[in-house]
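In what follows, a single structure is set out as structure tokens and then discussed.
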Amino acid sequence: MRTYTPEQLQGADPVFCVEFEYAGKVHRYSTNHVIIQSNDGDLEYLPTIRDFDYLDSADVLTVDVEANIVSVGLIFQDIDVLQTIAEGQVLEGIDAEFFYVLTKNDSCINTFESRVVLYRGQIQEPVYGDPSDLDDFVSFSIEAQPYTSERLLLDDDMVIDDRFTDPDSDTATGKPYPFVFGYPVTSDNIYTAPVYCVKKYDSHNARFMIAGHSVTSTSVKIQDDNFNSATKSISTAADGQGNIYSYIELVPADNVAMPGTGTSGESREWWIYLNDGGYINPYGDGSLSRGGDICRWALNRSGQQVDDGSWANLSVILNQYTFAGYINNPEITAFEWLNGTILPFLPVSMQMGPNGIRGIITELWALTYVSTVYSIEVGDDKQCQQSSPVSTLRNTADLSNDISLKYGKRGHDQTMSLTMTVESNLAKQSQNKYGRRPRVLEADYIYNDGTAAKVVMDKIRALSTPLQTVEVVAPSELGWIQVGDVVDVTIERVHLDKRKMMVIAKQWTDAVWSFTLLFE
């Protein structure tokens with residue numbers, strides 16, 4: 001959102017600042033001398049930033065996190081930086097913040113608390129001691145915390161072992177506690193999640209773990225690999241280390257195979273169909289099943305800094321999609337799982353922002369659900385000027401206009417039980433113009449017919465026509481516009497009138513902002 005009023009913005013100039021703590025001192029440097037009022041008193045920033053490079057961008061064609069870098073060259077003050085480094089006080093890894101404020105008539109017009117933070121990260125790869133430069137001149141980059149987190153999605157100590165008195169060593173011992181989420185609603189009941197025998201039949205009953213946590217469902221239907229089934233009530237208990245898990249108990253009368261007795265046959269696998277939902281949603285009612293909530297849950301499991309507010313704001317779009325299933329891969333990380341199984345079916349990408357990983361809408365059809373932040377008029381005598389030709393980002397060879405989705409994954413044989421196709425005028429128009437271009441998608445965690453149809457329609461909208469970009473330059477007062485923001489753009493020269501476009505790149509060049517805008 002805009003930080004300043006139009007009156008404040010008119011004629012104001014940005015002053016770029018960097019702040020970090022090094023060698024027991026807070027260092028505050030800027031492109032021009034500025035004193036910024038704060039709740040803790042006035043803060044002085046010394047004009048020693050000699051050069052910097054700032055580019056913020058998002059890749060709308062992938063689901064990987066975009067981690068941008070800021071580079072800064074500055075002259076240290078009140079410290080012998082070469083001596084300090086020689087004494088072992090390194091700059092690498094120090095937290096730093098890069099931001100700007102606006103000045104007018106040589107006075108800062110906002111407070112420190114209302115500064116525009118462009119980037120937060122850690123100082124990396126400092127270059128110093130150049131014999132052709134000042135002794136106190138240092139250049140370095142500010143990089144966000146690495147997003148290739150190795151933190152596993154599941155807790156590595158949640159494994160079936162001797163904390164249980166008599167687990168089935170052949171089928172259960174060593175298995176991770178399954179994480180079960182969502183409600184697999186389809187036209188047919190599909191047994192989707194594995195269960196493990198944590199107590200063999202002891203002349204009374206056998207106990208099967210259905211999830212390594214509490215669930216919203218009160219009952220479950222279990223099936224062995226002979227396809228014998230029974231509906232059982234769900235209970236909870238604590239394992240030997242105090243971890244809560246959900247379980248059911250079977251008796252011979254259920255006619256389902258159990259380790260410890262052969263009265264109902266033998267089985268190597270058991271699968272369940274939840275009659276309600278799995279993991280309790282920490283972000284709302286019911287079970288964890290909606291797309292936006294699942295993204296927030298997985299990202300918060302990643303150990304990375306997450307801009308949870310941005311994901312909450314996108315929930316109005318992302319929570320229109322539901323997912324269900326189980327996770328029992330002990331080696332998968334939060335990012336691997338989210339990137340590989342959920343994000344490909346949502347109109348969103350991730351970007352490393354100043355407040356952590358944030359979500360950005362990437363499929364332009366979804367912009368209809370997003371409010372524009374500003375209206376831009378582009379022309380020689382307008383506020384902004386066109387600085388590039390209109391370019392095509394996706395060529396016709398990359399288009400898809402005949403899309404089908406396989407979904408409803410079965411547990412026993414791991415095959416998809418359903419296929420979704422959608423009749424669409426948009427697809428027909430694309431086929432008439434570019435020819436038929438088929439694509440088949442598979443979704444491990446989609447069971448809902450409505451979500452499947454929505455994903456297919458989304459992909460038709462996103463992939464059946466080329467995307468286009470145009471670059472414009474804007475005055476300094478529009479620097480509050482962020483990558484991922486949606487703007488209304490009018491460019492009379494190329495006959496674009498109030499077209500919704502998304503900002504996919506932003507760079508400060510020669511006293512103006514350069515924006516790359518995406519549209520279709």
Side-chain angles (χ1 to χ4, degrees), residues 160 164 166-168 170-172 175 177-239 244-281 285-289 322-328 407-418 444-449:
I160 298 172
F164 296 96
D166 192 22
D168 182 35
D170 291 334
T171 63
K175 298 289 188 180
Y177 291 13
F179 181 86
V180 182
F181 65 99
Y183 179 27
V185 181
T186 64
S187 55
D188 299 311
N189 291 352
I190 298 176
Y191 293 87
T192 57
V195 296
Y196 303 115
C197 180
V198 295
K199 186 191 75 170
K200 293 187 292 187
Y201 182 70
D202 60 359
S203 78
H204 297 290
N205 54 50
R207 177 174 291 191
F208 287 78
M209 177 189 291
I210 66 169
H213 49 79
S214 298
V215 297
T216 60
S217 186
T218 58
S219 64
V220 67
K221 197 169 184 178
I222 185 172
Q223 187 179 77
D224 61 24
D225 58 16
N226 303 307
F227 303 107
N228 298 317
S229 61
T231 300
K232 305 296 293 185
S233 296
I234 297 173
S235 302
T236 58
D239 65 13
I244 299 297
Y245 67 96
S246 298
Y247 70 92
I248 59 172
E249 291 181 339
L250 293 179
V251 297
D254 293 319
N255 197 32
V256 175
M258 298 177 289
T261 178
T263 57
S264 299
E266 302 292 332
S267 181
R268 298 287 301 177
E269 294 181 351
W270 294 262
W271 296 83
I272 57 169
Y273 170 80
L274 286 172
N275 291 332
D276 191 354
Y279 187 78
I280 299 171
N281 187 8
D285 298 332
S287 66
L288 182 67
S289 62
T322 62
F323 300 86
Y326 71 95
I327 308 169
N328 70 343
Y407 66 108
K409 190 173 186 178
R410 297 185 184 94
H412 284 287
D413 59 9
Q414 297 291 288
T415 61
M416 301 297 175
S417 62
L418 300 165
D444 288 350
Y445 292 105
I446 293 179
Y447 290 86
N448 179 275
D449 295 338

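Atom set for the values below is all heavy atoms of this structure, side chains included, hydrogens, waters and symmetry mates excluded.
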Exercise. State whether the side chain of S289 and the backbone N or O of T322 hold a donor-acceptor pair below 3.5 Å, judged by distance alone.
Key: no
Self-check item: Polar side-chain atom of T216 near backbone of G277 as donor-acceptor pair, under 3.5 Å
Solution: yes
Self-check item: For the student: nearest non-hydrogen atoms of C197 and A172, plus distance
Solution: O-CB, 3.2 Å
Self-check item: Separation between CG of N255 and CG of L250, rounded to the nearest 0.5 Å
Solution: 10.5 Å
Quiz item: CD1 of I272 to CZ of F208: how many Å apart, nearest 0.5 Å?
Solution: 11.5 Å
Quiz item: Is there a donor-acceptor pair under 3.5 Å between the side chain of Y445 and the backbone N or O of Y326?
Solution: yes
Self-check item: salt bridge (Lys or Arg N to Asp or Glu O under 4.0 Å) contacts touching residues 201-221 (sequence neighbours left out)
Solution: K199-D202, R207-E249
Self-check item: Closest non-hydrogen atom pair, I234 against S246
Solution: CG2-CB, 3.9 Å
Quiz item: In Å, rounded to the nearest 0.5 Å, how long is the span from OH of Y407 to CD1 of I446?
Solution: 9.0 Å
Quiz item: Looking at CG of D224 and OG of S267, how far apart are the two atoms once the value is rounded to the nearest 0.5 Å?
Solution: 4.5 Å
Practice problem: Looking only at non-hydrogen atoms, find the nearest pair between T192 and W271 and report the distance. | Solution: O-CZ3, 3.5 Å
Quiz item: How long is the gap from CD1 on I210 to NZ on K232, to the nearest 0.5 Å?
Solution: 12.5 Å
Quiz prompt | Spatial distance of atom CG (D225) from atom CD (E269) [nearest 0.5 Å] | solution = 6.0 Å
Quiz item: Aromatic ring centroids of F164 and Y247 under 6.0 Å?
Solution: no
Quiz item: How close do M209 and I160 get, heavy atom to heavy atom, and via which atoms?
Solution: CE-CG1, 4.4 Å
Exercise. Answer yes or no: is there a donor N or O on one side and an acceptor on the other, between the side chain of H213 and the main chain of V180, under 3.5 Å?
Key: yes
Self-check item: Any side-chain heavy-atom pair of T261 and K200 under 4.5 Å
Solution: no
Quiz item: Are the side chain of Y447 and the backbone of K409 linked by a donor-acceptor contact shorter than 3.5 Å?
Solution: yes
Quiz item: Can you say whether the rings of Y191 and Y273 are parallel (under 30°), tilted (30 to 60°) or perpendicular (over 60°)?
Solution: perpendicular
Practice problem: Examine distances only and state if a side-chain atom of D254 and a backbone atom of V256 form a donor-acceptor pair shorter than 3.5 Å. | Solution: no
Quiz item: Can you tell if the side chain of S217 reaches within under 4.5 Å of the side chain of Y183, non-hydrogen atoms only?
Solution: no
Self-check item: Minimal non-hydrogen separation, M258 against A206, with atom names
Solution: SD-CB, 3.8 Å
Quiz item: Hey, mind stepping through D239 and Y177 against side chain to side chain contact (heavy atoms under 4.5 Å, CB included) and telling me if it holds?
Solution: CA-CA 11 Å; D239 65 13; Y177 291 13; 2.7 Å; yes
Exercise. Test side chain to side chain contact (heavy atoms under 4.5 Å, CB included) on I327 and Y279 and set out the steps.
Key: CA-CA 11 Å; I327 308 169; Y279 187 78; over 6 Å; no
Quiz item: Looking at residues at least two apart in the chain, or sitting in another chain, which of them share a salt bridge (charged side-chain N to carboxylate O under 4.0 Å, His left out) with K175?
Solution: none
Quiz item: Would you say the side-chain atoms of T415 and R410 include a donor-acceptor pair closer than 3.5 Å?
Solution: yes
Quiz item: For N275 and S219, which heavy atoms make the closest approach, and how far apart are they?
Solution: ND2-OG, 2.7 Å
Exercise. Please check if the side chain of N226 supplies one atom and the backbone of N228 the other of a donor-acceptor pair under 3.5 Å.
Key: no
Exercise. Determine whether D170 and P259 make a side-chain contact, defined as any pair of heavy atoms from C-beta on separated by less than 4.5 Å.
Key: no
Quiz item: How about D413: does its CG atom have over 12 heavy atoms from other parts shown lying under 6.0 Å from it?
Solution: yes
